[in-house]
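Presented below is the structure to which this report refers.
Numbered from 1 within each chain, the chains take letters A, B, ... in sequence-line order.
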Amino acid sequence: MKASQLFFPTLREVPSEAEVISHQLLLRAGFIRKASGGVYSYLPLAYRVLKKIMNIIREEMDNSGGQEIMMPIIQPKELWEQSGRWELYGDEMFRLSDRHDRFFALGPTHEEMITTIVKNDIHSYRGLPLLLYQIQNKYRDEIRPRFGLMRGREFIMKDAYSFDIDGGGLESMYQVMMQTYNRIFARFKLKFRMVEADSGAIGGNESHEFMVLAESGENEIVYCSACDYAANVEKAEAADIALEFCNEEELPLEKMSTPNKRTIEEVSKFLNVKENRIIKSLLYFADSNPIMVLCRGDRDINEIKLKNVVGSKELTLADDGTANQILGASFGSLGPKDVNLPIYADLEVKYMQNAVCGANENGYHLINVNQKRDLSDMFFADLRNVAAGDQCPNCSQNLFSIRGIEVGQIFKLGLKYSEALDANFLDSEGNTRHMIMGCYGIGVSRTMAAAVEQNYDDDGIIWPLSIAPYQAIVIPVNVKNEEQMQTAVLIYEELLVLGIEAILDDRDERAGVKFKDADLIGIPLRITIGPKSLQSNQAELKVRWEKEISLVPIAGIVEKVKTILET
RNA sequence: CGGGAUGUAGCGCAGCUUGGUAGCGCGUCUGGUUCGGGACCAGAAGGCCGCAGGUUCGAAUCCUGUCAUCCCGACCA
C-alpha cells in the first residue's frame, strides 16, 4: 500500500476526550473514530489489525473442530423470555420494537439463539458433540462506557458454544478450548495469563479467564511465586491460617468512647491499634433478609464469595438508616456482639484476639473482644479478597498481584440453557437427556486495545508482529530524489512478491514527518533509503521496539526482513 | 442514577467576568524556498460559538431548558 493512498488520518495532538493510552493512541494514529459514547468506527489500519486477530482465532478454532456460523444481532423477545433473561438482563440490554410493536433485543450474547438453533435440528447423540462459533458485534448498554475500545457498548466478540452428551464430554471440550485459547493468545504475542475465574450466578461450575497483563487493567490477578496457581481476586481462595498474635492472653472486655470515629482508619488511629485487629462489621441484605458480615479491618469483603456462601440471588449493602433501625447504631459503630442476626465471618476473624469492634451504640467501640468468649455464634467461611502477600492455597508460598485486562473467558455452562430452552437429545439407549453446554468468548476489539495498552512508548504504538496492520514500511527520505525513490519502490515491490505486507511512504513529506507517523502507527519494521547509506548501496533497517538502526546491503535487505519476520 | 467538568474551524485551545456580530496554534489548499526526526515565507479556504427558547436595539458572552462528551462514584462504615 502506498502511504499517499492509505487513509490513516493521524493527529499531532491528543484528542481531549481520551484518557487511557490505547484510546489516545488509536485515535491519534488514525485507527478509530468515535460515533457515540462507546461506539466506534474502525478505519483501515484498525480493521487490518482486527482481521489478523480474527484470522488467528478462526484458524485455531477450526483446528479444534469449531465451525463458524453467523447468528442475527436482532433477536426476538420471546427467545429471551424463555430463559428468563428478558427481565434479568435489565438495563444493560438494548431493546427495540418494530412497526407492529414487537420487541427485540440487540444481542448482548447468543446463548438463547444458539441453543434454539441446535435443539431444533439435533435430536440424537449422533449429532454431538458440536462446537459452533461466530465473530460478530455485541451490544451492551454499559452503565458507563469508558476507556475507548476497552469497554464499549458495541464491540466485536468471538463467541463459541459447545454441546455435549455428558459431563465427561464437556470436560474434554473444556480442556481443548483451554489449550486453544492458550495457543491463540500466544500467537497474538501478548503477555497474558490464564487465571481461575468465578463462575458467577450459575454456581459450582468451572471458569477461566485470559488476562492480558497491563498496568491499566481493570482486574486484579493474584499468582503464586512457586507453583502455577493464578486467579482473579474475585475468585482466589484464601488460605485458612492463624495469625501470629493468636496465642495472646485474653484481656477483659471494655467499652471505649470513640466519638465521631467512623472509619476503620479513624478508629485505628484513635485507639492506637492496627487495622488488622479491628473487626469490620457490615450489614447486608441477602434476598431482603438482613445478615451481618465480618472481616478483618484491613480486608475487603468479596461479595461474589459472600453471595455463593449465603446462597442468595441478590445481595445488597444496607443503608445507614436501616442500620439504625435494626442495630440501633450508625455505620462505624456496628459490631457483632449480642446481635440477633445470622452472622457470616471471614476465616481470619476466627483467629482474632483482643480485637476491636463497634458496640452497636453510636460513638462507642468494644476492645479486647474475643470471639468465642464475647460474641454470638457465627458461620465462618472464606469471604474476603485475597491480596498480595497472602499464602497460596495450593503450596503456601507467597502470592503476588498484578493487573490484567480480561480478553477471554471460558465457561462450563452445564444445563442452564438446555433446561430453560429444552434442548434435548436421545442417547444411545433411547433416553431423553439434556445437552451439556459450554461457552467460550474472546473480546476481539478489546484485544486490539489491550495490545496497545501493553505495547507502546512515547512515540506511539508498538504492534506485535502477528497482529500489526502492516509488517514493514519503506521510507525514501526524499521522494524527489530519483535514485532514492527507485530503490524504495524496488524494495517495496520485492517485499510484496514475498507476501510481506508493506507500506511505501511515497508522500512528499519531510523525513521527520514520515518517521513520526511510522512510529505512531507502530509498524514493526522500517526500511529507510537515504543519501547517506545509498552511497554505499545500503539501506537502514530499524525494528520498532529496538533503539539501534542497522545498515544492510540493499541487495540482501528483503531476505533480511523475511528472516526477521519468520523468527 | 448521583457528583464534577466541558461543548467555539478537522485537532488543541483563547474570547464569556464587563453583550456590539469571532480569534490563536497545528492541520488543509495555492505559490515559492527547503528536505534525515512533526521546516520556512507569502497568500487562501474553512465556524448557524452543541441545540431550543427567553432577556435585549443587539447574545459565543446573560437567563431557562435540553442534548452530547469526559472524569469520579454508585459496596467496605
| Contact under 4.0 Å: A:S36 side-chain N or O vs B:U69 OP1/OP2 | yes

| field | A:R146 side-chain N/O to B:C71 phosphate OP1/OP2 under 4.0 Å | value | no

Using Watson-Crick or G-U wobble geometry with both distances under 3.5 Å, which nucleotide pairs with [N]?
| N | answer |
| --- | --- |
| B:G27 | none |
| B:G36 | none |
| B:G65 | B:C51 |
| B:C76 | none |
| B:U56 | none |

Reckon [X] touches a base, only the sugar-phosphate, or nothing at all at heavy-atom distances under 4.0 Å?
| X | result |
| --- | --- |
| A:G37 | sugar-phosphate |
| A:D519 | base |
| A:I301 | base |
| A:I264 | sugar-phosphate |
| A:D517 | base |
| A:P531 | base |
| A:K532 | base |
| A:R384 | nothing |

Using a cut-off of 6.0 Å, state whether more than 12 heavy atoms not belonging to [X] lie near its atom [atom1].
| X | atom1 | value |
| --- | --- | --- |
| A:Y89 | OH | yes |
| A:F270 | CZ | yes |
| A:E265 | CD | no |
| A:E546 | CD | yes |
| A:Q5 | CD | yes |

Interatomic distance, [X] [atom1] vs [N] [atom2] [rounded to whole Å]:
| X | N | atom1 | atom2 | result |
| --- | --- | --- | --- | --- |
| A:R144 | B:G4 | CZ | C1' | 11 Å |
| A:I143 | B:G2 | CD1 | P | 13 Å |
| A:I291 | B:C75 | CD1 | C1' | 13 Å |
| A:E19 | B:C72 | CD | P | 7 Å |
| A:E509 | B:C40 | CD | C1' | 14 Å |
| A:N385 | B:C76 | CG | C1' | 10 Å |
| A:I527 | B:G36 | CD1 | C1' | 17 Å |

| query | Tell me, for nucleotides 8-13 of chain B in 5' to 3' order, what letter each nucleotide earns: B for a base near a protein heavy atom under 4.0 Å, S for only sugar-phosphate near one, - for neither? | reply | ---BSS

| task | Go through the steps for A:S401 and A:E220 under the test side-chain hydrogen bond (donor to acceptor under 3.5 Å, both in side chains), then give the verdict. | result | CA-CA 7 Å; A:S401 107; A:E220 191 182 348; 3.1 Å; yes

So if I take every side-chain heavy atom of [X] and compare against [options], which nucleotide ends up nearest?
| X | options | result |
| --- | --- | --- |
| A:K34 | B:U69, B:G36, B:G38 | B:U69 |
| A:L282 | B:G36, B:G38, B:C76 | B:C76 |
| A:R28 | B:U28, B:G38, B:G37 | B:G38 |
| A:Y40 | B:C70, B:G37, B:G36 | B:C70 |

| remark: A:D505 meets the side-chain hydrogen bond (donor to acceptor under 3.5 Å, both in side chains) criterion, sequence neighbours left out, with A:R507

Considering only the [atom1] atoms, how many Å lie between [N] and [M], rounded to the nearest integer?
| N | M | atom1 | answer |
| --- | --- | --- | --- |
| B:C70 | B:G50 | C1' | 15 Å |
| B:G4 | B:A42 | C1' | 47 Å |
| B:C24 | B:U18 | P | 26 Å |
| B:G25 | B:G65 | C1' | 35 Å |
| B:C26 | B:A39 | C1' | 14 Å |
| B:A59 | B:C49 | P | 12 Å |
| B:G38 | B:G27 | P | 12 Å |

| said: Test your reading of the model: is there a side-chain donor-acceptor pair from A:D390 to the backbone of A:L399, 3.5 Å cut-off? | reply: no

| Any donor and acceptor pair, going by atom type alone, linking the side chain of A:D382 with main-chain N or O of A:A238 inside 3.5 Å? | yes

Pairwise N/O distances under 3.5 Å, protein to nucleotides 29-34 of chain B:
residue, atom, partner, partner atom, Å
B:U34, O2, A:R510, NH1, 2.9

| Least distance between heavy atoms, A:A197 atom then A:Q409 atom | CB-NE2, 3.8 Å

| task | Give a yes or no on whether a donor-acceptor pair under 3.5 Å exists between the nucleobase atoms of B:G36, that is its base, and the side chain of A:N478. | result | no

